[in-house]
> 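Supplied in structure tokens, the structure appears directly below.
Index from 1, following the sequence.
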Amino acid sequence: MRCGNCGNELRGDARFCSVCGAPVPQAQPSFSAPPPAATFGDAPRQPLSGAGQPRKKSGCGKVLLVLFIIGLLVLAGLAVAGYFAYRFAEDKLKSSEAYTHAVERLKADPEVTGKMGEIRETGFPLGAFNENADGTGTAVFRMSVTGAKASGNYDVSMSRAGGRWIMHTGKVTLKSGEEIEVESDDDEAAKPPEVFEPPPPAKPGATGPGKPISGGVLNGKAISKPEPAYPAVAKAARASGTVVVQITVDESGKVASASAVSGHPLLRQAAVQAAYQAKFLPTLLSGKPVKVTGTITYNFNLPAQE
């Protein structure tokens with residue numbers, strides 16, 4: 001390297017020319033330019049990781065949380081409403097005349113008291129209950145019963161006539177499986193809703209002298225035997241079976257008296273009503289018509305879809 005002023009040969013580490021004293025220019029450090037960023041066409045390539053960019057917060061989580069809270073509040077409201085509706089229905093049914101009367105019959109039964117002890121609690125009645133403005137009605141229900149000695153379920157069937165509830169059947173089934181028949185109402189003046197008034201008995205001597213003869217089962221001797229109506233309370237109680245009616249047929253073939261001697265209590269009145277409408281051929285003894293006593297049967301078969 002030579003001096004740019006006098007042309008003197010300079011050493012590599014000289015800062016000034018030894019001849020003219022001119023300063024020797026120093027070499028500047030070199031810097032390499034960074035490699036250009038990779039591009040696709042004319043557009044700059046975006047960073048793959050997205051580092052350095054702020055992440056947007058999603059609102060989906062907040063919406064789900066709000067919906068969850070609303071759902072909990074709705075369920076809580078429904079539970080509270082259901083509880084108060086249940087208590088209202090329970091208080092109303094337990095204060096009804098039918099429920100109160102059934103419980104009274106239960107507590108008054110000596111067999112129930114002997115096997116269950118004092119009745120301490122009766123549950124919510126489940127079943128059918130109908131009370132009409134004309135003083136009639138039906139009720140068939142089941143309730144749980146807890147006594148001092150045992151507990152079980154109490155099944156009741158009732159009817160209402162003249163504004164008064166009458167218990168026809170009552171049965172307690174203990175948890176052990178034992179059944180107790182509760183004494184029903186024994187008031188003969190109380191009648192179920194469907195009441196049939198039999199014709200008055202014939203006056204002595206009006207239909208001829210003679211003591212009635214026994215005719216046995218009279219079903220086959222009837223010339224007209226209408227089928228009895230199925231009482232609504234019996235359907236609700238799922239009552240079925242055969243009812244036997246003791247009848248007296250006068251000399252003209254008409255039924256003078258009828259009374260049920262066996263069968264379900266809820267079916268007997270309908271059978272007696274039908275028996276009074278039956279007609280028979282007059283029974284002759286020595287060519288003269290006489291009175292006949294015997295029985296007539298009615299079968300009550302509850303349809304499967306009832």
> So, does Y154 use its side chain to make a donor-acceptor pair with the main chain of A102 at under 3.5 Å?
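Pair found, side chain donor or acceptor close to backbone of A102.
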> Could you tell me whether K254 atom NZ has more than 12 heavy atoms of other residues or ligands within 6.0 Å of it?
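No, the 6.0 Å shell around NZ holds no more than 12 heavy atoms from other groups.
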> Contact between S184 and H168 at the side-chain level, heavy atoms closer than 4.5 Å - yes or no?
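S184 vs H168: side chains apart.
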> Rounded to the nearest 0.5 Å, how far apart are CD of E227 and CD of Q277?
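Going from CD on E227 over to CD on Q277, the span is 12.0 Å.
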> According to a hydrophobic-cluster definition based on side-chain heavy atoms being under 4.5 Å apart (Ile, Leu, Val, Met, Phe, Trp, Tyr only), do L281 and V290 belong together?
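Per the 4.5 Å side-chain linkage, L281 and V290 are not co-clustered.
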> Can any side-chain N or O of Q273 pair as donor or acceptor with the backbone N or O of P228 at less than 3.5 Å?
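A pair under 3.5 Å: no.
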> Looking only at non-hydrogen atoms, find the nearest pair between L267 and Y230 and report the distance.
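That closest heavy-atom pairing would be CD2-CE2, 3.9 Å.
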> For the atom pair NZ (K115) and CD (E179), what is the distance rounded to the nearest 0.5 Å?
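Reported to 0.5 Å precision, the distance equals 10.5 Å.
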> Check whether any side-chain heavy atom of P289 lies under 4.5 Å from a side-chain heavy atom of L284, and answer yes or no.
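Counting from C-beta outward, P289 and L284 do come under 4.5 Å.
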> Apply the test side-chain hydrogen bond (donor to acceptor under 3.5 Å, both in side chains) to residues S159 and T138: give CA-CA distance (whole Å), side-chain angles for both, the deciding distance (0.1 Å), then the verdict.
CA-CA 4 Å; S159 68; T138 57; over 6 Å; no
> On a heavy-atom basis, which atom in A260 and which in V243 lie closest, and how many Å separate them?
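Taking A260 first and V243 second, the nearest heavy atoms are CB-CG1, 4.2 Å.
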> Write down the atom of T295, the atom of N219, and the distance for their closest heavy-atom approach.
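Looking at all heavy atoms of both residues, the closest pair is O-OD1, 3.9 Å.
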> Quick one: does any side-chain atom of T136 pair with a main-chain N or O of N132 as donor and acceptor, under 3.5 Å?
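It does not hold such a pair.
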> From K235 NZ over to F300 CZ, what is the distance, rounded to the nearest 0.5 angstrom?
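Between atom NZ of K235 and atom CZ of F300 there are 11.0 Å.
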> Under 4.5 Å between any side-chain heavy atoms of N153 and V172, yes or no?
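Result no, sub-4.5 Å side-chain heavy-atom pair not found.
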> Determine whether a donor-acceptor pair (N or O, by modelled atom type, separation under 3.5 Å) exists between the side chain of R268 and the backbone of G263.
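Yes, the answer is positive, given that a donor and an acceptor are paired below the 3.5 Å cut-off.
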> If you measure from CE on M158 to OG1 on T169, what distance do you get to the nearest 0.5 Å?
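Output value for this atom pair is 9.5 Å.
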> Would you say the side chain of L126 lies within less than 4.5 Å of the side chain of M143, judging by non-hydrogen atoms?
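They are not in side-chain contact.
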> Could you tell me whether the side chains of H264 and S240 share a donor-acceptor contact shorter than 3.5 Å?
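Side-chain D/A pair, H264 to S240: absent.
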> Any idea which heavy atoms bring L218 and F280 closest together, and the distance?
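Shortest heavy-atom contact: O-CE2, 3.2 Å.
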> Is there side-chain contact between V112 and I119, with heavy atoms separated by less than 4.5 Å?
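A side-chain contact exists here, since the closest heavy-atom pair is under 4.5 Å.
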> Is the closest side-chain heavy-atom distance between T113 and D109 below 4.5 Å?
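With C-beta onward as the side chain, the pair stays apart.
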> Run the side-chain contact (heavy atoms from CB on, under 4.5 Å) check on F68 and L64 step by step: do they pass?
CA-CA 6 Å; F68 177 74; L64 292 177; over 6 Å; no
> Look only at the side chain of R105 and the backbone of E183, and say whether a donor-acceptor pair between them is shorter than 3.5 Å.
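Checking the backbone N and O of E183 against the side chain of R105, a donor-acceptor pair under 3.5 Å is found.
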> Under 4.5 Å between any side-chain heavy atoms of P282 and E251, yes or no?
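No, too far: nothing below the 4.5 Å cut-off.
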> So, taking the atom named OH in Y99 and the one named CZ in F124, what distance separates them when rounded to the nearest 0.5 Å?
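So the OH of Y99 and the CZ of F124 are separated by 9.5 Å.
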> May I have the step-by-step check of side-chain contact (heavy atoms from CB on, under 4.5 Å) for K291 and T293, ending in yes or no?
CA-CA 7 Å; K291 295 180 181 180; T293 61; over 6 Å; no
> Is it possible for you to say whether V249 and L285 belong to one hydrophobic cluster, with membership spreading through side-chain heavy-atom contacts below 4.5 Å?
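Same hydrophobic cluster.
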> Shortest non-hydrogen contact from I296 to A278?
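For I296 and A278, the tightest heavy-atom pair comes out as CD1-CB, 4.5 Å.
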> Does G114 offer a backbone N or O that forms a donor-acceptor pair with the side chain of K149 under 3.5 Å?
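Looks like yes, one N/O pair under 3.5 Å.
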> Is the side chain of N299 donor-acceptor paired with the backbone N or O of G241 at a distance under 3.5 Å, no angle test?
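Not at all, since once roles are kept as given, no pair shorter than 3.5 Å links the two residues.
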> Determine whether L174 and I180 satisfy the following criterion, side-chain contact (heavy atoms from CB on, under 4.5 Å), listing intermediate values before the conclusion.
CA-CA 8 Å; L174 302 179; I180 306 172; 4.2 Å; yes
> Residues in side-chain contact (heavy atoms from CB on, under 4.5 Å) with S262, at least two apart?
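By the side-chain contact (heavy atoms from CB on, under 4.5 Å) rule, S262 matches V244.
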> Indicate if L73 and L65 have the same hydrophobic cluster label, given that clusters are the connected sets of ILVMFWY residues with side-chain heavy-atom separations under 4.5 angstrom.
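Per the 4.5 Å side-chain linkage, L73 and L65 are co-clustered.
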> Check whether any side-chain heavy atom of V156 sits under 4.5 Å from a side-chain heavy atom of M167, and report yes or no.
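Yes, side chains in contact.
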> State, to 0.1 Å, how close W165 and N130 come at their nearest heavy-atom pair, and which atoms those are.
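Result for this residue pair: CH2-O, 3.7 Å.
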> Can you measure from NZ (K221) to OG1 (T283) and round to the nearest 0.5 angstrom?
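Spacing of NZ (K221) from OG1 (T283) equals 6.0 Å.
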> If you measure only the distance, is there a donor-acceptor pair under 3.5 Å linking the side chains of T297 and T242?
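No, T242 and T297 have no side-chain donor paired with an acceptor closer than 3.5 Å.
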> Check the surroundings of atom NZ in K225: do more than 12 heavy atoms from other residues, nucleotides or ligands lie under 6.0 Å from it?
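Yes, NZ of K225 has more than 12 neighbouring heavy atoms, counting only those of other groups under 6.0 Å.
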> With salt bridge (Lys or Arg N to Asp or Glu O under 4.0 Å) as the test, would you mind laying out the steps for K171 and E181 before giving the verdict?
CA-CA 5 Å; K171 180 177 70 175; E181 295 293 335; 5.3 Å; no
